[in-house]
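Report on one structure; see the data block that follows.
Treat the numbers as computed from the prediction; the structure is a model and nothing was measured.
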Amino acid sequence: MTRVAVITIAHGRHEHWALQEAALARSERRPDERILVTMDDPALASAARERGDVRVVETGGDERGLPLARARNLGAQAALEAGADVLVLLDVDCLPAPALVDAYARAAEAPETRESLLSGPVTYLDPPPREGYELDRLPSLDRPHPARPAPAPGEIELGGSHDLFWSLSFALRAELWHRIGGFHEGYVGYGGEDTDFAWRARELGIPMAWIGGARAFHQHHPIEDPPRRHLDAILRNGALFRDRWGTWPMRGWLDAFAEEGLVERTAGGDYRRRQQR
């Protein structure tokens, strides 16, 4: 039988992790392996180990930012060493619907989607009430992000732009992970590594597939738009992406930074931090 691993990377967000665990416990199909990769968070690693049913991998931080790419690769490595055939990567903020694990597993086995990079619709939740989110009520809050495909539960949408891939909820067979080679660990901090991963899949002829049954609900937390505190990481990772693929990613954020006077465009079309006079 196909063995499925659910992999989560985390730094902080302990309450989000706990609620994700509660949601996974309601899964129609429980994962065969549960992997948590903590990034510079020994307290979360210790708490997870006390549960006894989670495989914990620890990695340190990086002065440039959180090592998101490295952490995902470590989680995948642990899952593969445990014999997983299907990898499901789920952001710590995401609450899986009861059908998510099974929907991804079935899509990874089905002839029409087994060679695809699998993504599911994600609903961004409003701030929780004082008593927190009620897992039983999540289906009534289902309003997937409008910028990405959102087939109904039980339906599948094949193909589409790899630019729409997001790493907060996706799955693929172990063999495809090996072909892609994981995430490029030159990306450190916020942004770029997920688009790079998707473009590598596209280069290899691995298409996208959107799985309606693999729904998730993103727990609310404050965000910046554009994310100014990640400016240096976005510029650094954007330059790495340009070197690898010949174009800049995250153009919406970079152009917003330019409008705010934080970055400037060079004559060659690159972005750099604006020098203060």
Side-chain angles (χ1 to χ4, degrees), residues 7-13 16 37-41 59-76 89-94 117 119 122 124 145-148 161-170 180-203 208 218-277:
I7 301 160
T8 298
I9 66 173
H11 170 83
R13 308 276 169 84
H16 286 190
V37 184
T38 62
M39 298 172 288
D40 194 26
D41 194 339
T59 187
D62 188 300
E63 63 182 10
R64 297 170 296 169
L66 290 176
L68 306 175
R70 183 174 78 215
R72 293 194 186 101
N73 289 345
L74 288 171
L89 285 90
L90 197 63
D91 188 277
V92 70
D93 298 321
C94 283
L117 188 56
S119 287
V122 178
Y124 277 76
H145 194 287
R148 286 171 168 80
S161 173
H162 286 73
D163 288 333
L164 298 180
F165 169 80
W166 48 11
S167 55
L168 76 173
S169 174
F170 76 99
I180 294 170
F183 286 82
H184 190 295
E185 295 187 14
Y187 295 92
V188 178
Y190 196 66
E193 84 287 347
D194 47 359
T195 306
D196 184 283
F197 182 86
W199 280 36
R200 174 62 177 154
R202 184 179 66 182
E203 182 180 57
M208 294 288 300
H218 189 280
Q219 302 176 72
H220 182 271
H221 59 79
I223 61 171
E224 283 186 307
D225 188 15
R228 299 170 191 85
R229 65 191 178 97
H230 297 291
L231 172 58
D232 288 334
I234 289 170
L235 284 171
R236 183 181 62 250
N237 289 343
L240 173 59
F241 188 96
R242 175 212 57 205
D243 291 344
R244 284 171 55 77
W245 300 104
T247 189
W248 282 78
M250 304 176 283
R251 294 285 293 273
W253 287 340
L254 289 165
D255 288 340
F257 291 144
E259 290 179 6
E260 294 182 2
L262 299 174
V263 305
E264 60 186 2
R265 294 290 302 274
T266 69
D270 287 334
Y271 294 84
R272 66 186 179 193
R273 184 182 276 276
R274 182 179 293 277
Q275 300 300 314
Q276 300 298 320
R277 293 183 172 85

Among all residues two or more places apart in sequence or in another chain, which pass the ring pair (Phe, Tyr, Trp, His ring centres under 6.0 Å) test with H145? Y124, W166
Please enumerate all residues that pass ring pair (Phe, Tyr, Trp, His ring centres under 6.0 Å) together with Y187, with sequence neighbours excluded. H184
Pairwise salt bridge (Lys or Arg N to Asp or Glu O under 4.0 Å) hits with a residue in residues 186-196, at least two apart: R72-E193, D196-R244
Pairwise distance CD1(I9) to OG1(T38) - rounded to 0.5 angstrom: 10.5 Å
P249 to F241 - nearest heavy-atom pair and separation: CD-CD2, 3.4 Å
Of all heavy-atom pairs between V92 and A10, which one has the smallest distance, and what is that distance? CG2-CB, 3.9 Å
Just to verify, what does F170 make a ring pair (Phe, Tyr, Trp, His ring centres under 6.0 Å) with, not counting sequence neighbours? F165, F197
Minimum-distance pair of heavy atoms, taken over all atoms of R229 and E224: N-OE1, 3.0 Å
Going from CG on L68 to CG on N73, what distance comes out if it is rounded to the nearest 0.5 angstrom? 11.0 Å
Quick check: does any side chain N or O of D62 sit under 3.5 Å from a backbone N or O of P67, one acting as donor and the other as acceptor? no
Gap separating the NE2 atom of H16 from the CG atom of D91, nearest 0.5 angstrom: 10.0 Å
Identify, with sequence neighbours excluded, every residue that meets salt bridge (Lys or Arg N to Asp or Glu O under 4.0 Å) alongside R200. E203
Which residues pass the side chain to side chain contact (heavy atoms under 4.5 Å, CB included) test with R242, sequence neighbours left out? A239, W248, D270
Exercise answer: donor-acceptor pairs, residues 255-262 side-chain atoms, under 3.5 Å, sequence neighbours excluded:
| from | atom 1 | to | atom 2 | distance (Å) |
| --- | --- | --- | --- | --- |
| D255 | OD1 | Y271 | OH | 2.7 |
| E260 | OE1 | R228 | NE | 3.0 |
| E260 | OE2 | R228 | NH2 | 2.9 |

With sequence neighbours left out, what residues match D40 under salt bridge (Lys or Arg N to Asp or Glu O under 4.0 Å)? none
Sorted by chain and number, sequence neighbours left out, salt bridge (Lys or Arg N to Asp or Glu O under 4.0 Å) with D163 holds for none
Under the criterion side-chain contact (heavy atoms from CB on, under 4.5 Å), I'd like the reasoning laid out for T59 against V37: C-alpha separation, chi angles, the key distance, then a yes or no. CA-CA 7 Å; T59 187; V37 184; 4.3 Å; yes
Non-neighbouring partners of D93 that pass salt bridge (Lys or Arg N to Asp or Glu O under 4.0 Å), sequence neighbours left out: R13
Going by an N to O cut-off under 4.0 Å, is there a salt bridge joining E264 and R274? yes
Taking ring pair (Phe, Tyr, Trp, His ring centres under 6.0 Å) as the definition, give me every residue that meets it alongside H230, ordered by chain and number, with sequence neighbours left out. Y190
Evaluate the criterion side-chain contact (heavy atoms from CB on, under 4.5 Å) for residue pair W253 and D225; output intermediate values, then yes/no. CA-CA 8 Å; W253 287 340; D225 188 15; 3.7 Å; yes
Pairs where residues 231-240 contributes a residue and the test side chain to side chain donor-acceptor pair (under 3.5 Å) is met, not counting sequence neighbours: D232-R273
Can you measure from CZ (R265) to CG (L254) and round to the nearest 0.5 angstrom? 8.5 Å
Show your working on side-chain contact (heavy atoms from CB on, under 4.5 Å) between R272 and L235 and close with a plain yes or no. CA-CA 7 Å; R272 66 186 179 193; L235 284 171; 5.7 Å; no
Non-hydrogen atoms of S169 and V122 that approach each other most closely: CB-CG2, 4.1 Å
Note: H218 and C94 closest approach over all heavy atoms is CD2-SG, 4.1 Å
Which value, rounded to the nearest 0.5 Å, describes the distance between L89 atom CG and S119 atom OG? 10.5 Å
Sub-4.5 Å side-chain heavy-atom contact between L164 and H162: no
How long is the span from the OG1 atom in T8 to the CG atom in L90, to the nearest 0.5 Å? 5.0 Å
